[in-house]
Amino acid sequence: MSMEGKTEPAGAAHFVGKREELIEAKRSFRTVEGRDVLIIYHQETFYALDFHCYHAGGPLQHGDIEEFDGKQCIVCPKHKYKISLAKGEGMYKMSEPGRQPPAFKWSSKGVKQRVHDVTQSDGSVYVRLSQVRDFIESDFYQGEKGREERAKAAKADKGTEEPTG
């Protein structure tokens, strides 16, 4: 169901808000075709990715955005996992073997977080859910078992915030 109340076919671009409102909010939570999505406006670019972190289902909405190895990443506030906004790669710091003293560099674990396409038209912003058929780790937290895990964790972490926006 789009925000305008019309049902869109699966795979269609869904209206998620007016451009200026999303820019002002910087981060917005939406449910698109039953999927929890975070829309981020950062450095003049819109990004959309699964709302819940691939690692433990933590809400990404309040994560810091930092640059690692030239990639803009959101840092999960729950366990500090770093996720590239553009591709959903999990980023980690590794030591370069054989270097003395040890040298560290940022590297990719591969795609861990599902990202979605964002388009704009006439002052409106649209999200088309990813059509990648392979399982991506953040998919788990979109399903029933993942929802149950998130609910258990939220109960245990009394300080976890619910999505807003």
Discussion item. Give me the atom names and distance for the closest heavy-atom approach of Ser130 to Arg114.
Written reply: OG-NH1, 3.0 Å

Worksheet entry | Under-4.0 Å salt bridge between Lys152 and Glu149 | yes

Item to complete: Check the pair Ser138 / Lys112 against side chain to side chain donor-acceptor pair (under 3.5 Å), numbers first and verdict last.
Response: CA-CA 6 Å; Ser138 67; Lys112 302 291 186 179; over 6 Å; no

Item to complete: Determine the minimum heavy-atom distance between Ser108 and Gly110, stating which atoms define it.
Response: OG-N, 2.9 Å

Practice prompt. Let me see the working for Ile23 and Arg19 under side-chain contact (heavy atoms from CB on, under 4.5 Å), right down to the final yes or no.
Written response: CA-CA 6 Å; Ile23 288 172; Arg19 183 178 193 281; 3.0 Å; yes

Fill in: Donor-acceptor contact present, side-chain Gln131 to main-chain Leu129, <3.5 Å
yes

Item to complete: Output the distance between atom CD1 (Ile83) and atom NE2 (His55), rounded to the nearest 0.5 Å.
Response: 10.5 Å

Worksheet item: For Glu67 and Gly70, which heavy atoms make the closest approach, and how far apart are they?
Response: OE2-CA, 3.4 Å

Fill in: From CA spacing to verdict: side-chain contact (heavy atoms from CB on, under 4.5 Å), Val37, Leu49
CA-CA 6 Å; Val37 176; Leu49 60 156; over 6 Å; no

Worksheet item: Where the side chain of Arg128 meets the backbone of Val118, is there a donor-acceptor pair that is under 3.5 Å apart?
Response: no

Tabulate below the donor-acceptor pairs under 3.5 Å that side-chain atoms of residues 40-48 make, not counting sequence neighbours, or state none.
{"residue": "His42", "atom": "NE2", "partner": "Gln72", "partner atom": "OE1", "Å": "3.0"}
{"residue": "Thr45", "atom": "OG1", "partner": "Gln43", "partner atom": "O", "Å": "3.4"}

Practice prompt. Evaluate the side-chain proximity of Leu38 to Arg30: yes if any heavy-atom separation is below 4.5 Å, no if none is.
Written response: no

Practice prompt. Evaluate the side-chain contact (heavy atoms from CB on, under 4.5 Å) criterion for residues Met91 and Lys109: first the C-alpha distance (whole Å), next the side-chain angles of each, then the deciding distance (0.1 Å), finally the verdict.
Written response: CA-CA 6 Å; Met91 302 296 292; Lys109 299 177 191 178; over 6 Å; no

Item to complete: Say whether Val111 and Val132 are linked into one hydrophobic cluster, either directly or through other cluster members, by side-chain heavy-atom distances under 4.5 angstrom.
Response: yes

Worksheet item: Can Val127 and Asp117 be said to form a side-chain contact (heavy atoms from CB on, under 4.5 Å), step by step?
Response: CA-CA 6 Å; Val127 168; Asp117 295 328; over 6 Å; no

Worksheet item: Measuring from Gln113:CD to Cys76:SG, what's the distance to the nearest 0.5 Å?
Response: 8.5 Å

Worksheet entry | Minimum heavy-atom distance between Ser124 and Lys18, given as atom pair plus value | OG-NZ, 3.2 Å

Discussion item. How long is the straight-line distance from CG of Asp36 back to CG of Leu60, given to the nearest 0.5 Å?
Written reply: 11.0 Å

Worksheet item: Roughly how far, to the nearest 0.5 Å, is CZ of Arg27 from CD1 of Ile65?
Response: 4.0 Å

Discussion item. To the nearest 0.5 Å, what is the distance between CG on Asp69 and OH on Tyr92?
Written reply: 11.5 Å

Worksheet, complete the sentence: Between Gly58 and Lys78 the two heavy atoms that sit nearest each other are CA-CD, 3.9 Å

Worksheet item: Is the backbone N or O of Lys80 less than 3.5 Å from a side-chain atom of Lys82, with the two atoms forming a donor-acceptor pair by type?
Response: yes

Fill in: Side-chain heavy-atom pair Asp64, Ile74 within 4.5 angstrom cut-off
no

Item to complete: Indicate yes or no: at least one non-hydrogen side-chain atom of Asp139 is less than 4.5 angstrom from one of Tyr141.
Response: no

Worksheet entry | Val75 side chain near Phe68 side chain, heavy-atom distance below 4.5 Å | yes

Worksheet item: What pair of heavy atoms forms the shortest contact from Phe104 to Lys93, and how long is it?
Response: CB-CG, 3.8 Å

Worksheet item: So, Ser84 side chain and Glu89 main chain: donor-acceptor pair closer than 3.5 Å or not?
Response: yes

Worksheet item: Do the two ring centres, one from Tyr54 and one from Tyr81, sit under 6.0 Å apart?
Response: yes

Practice prompt. Measure the spacing between OH of Tyr126 and CD of Gln120 and express it to the nearest 0.5 Å.
Written response: 10.5 Å

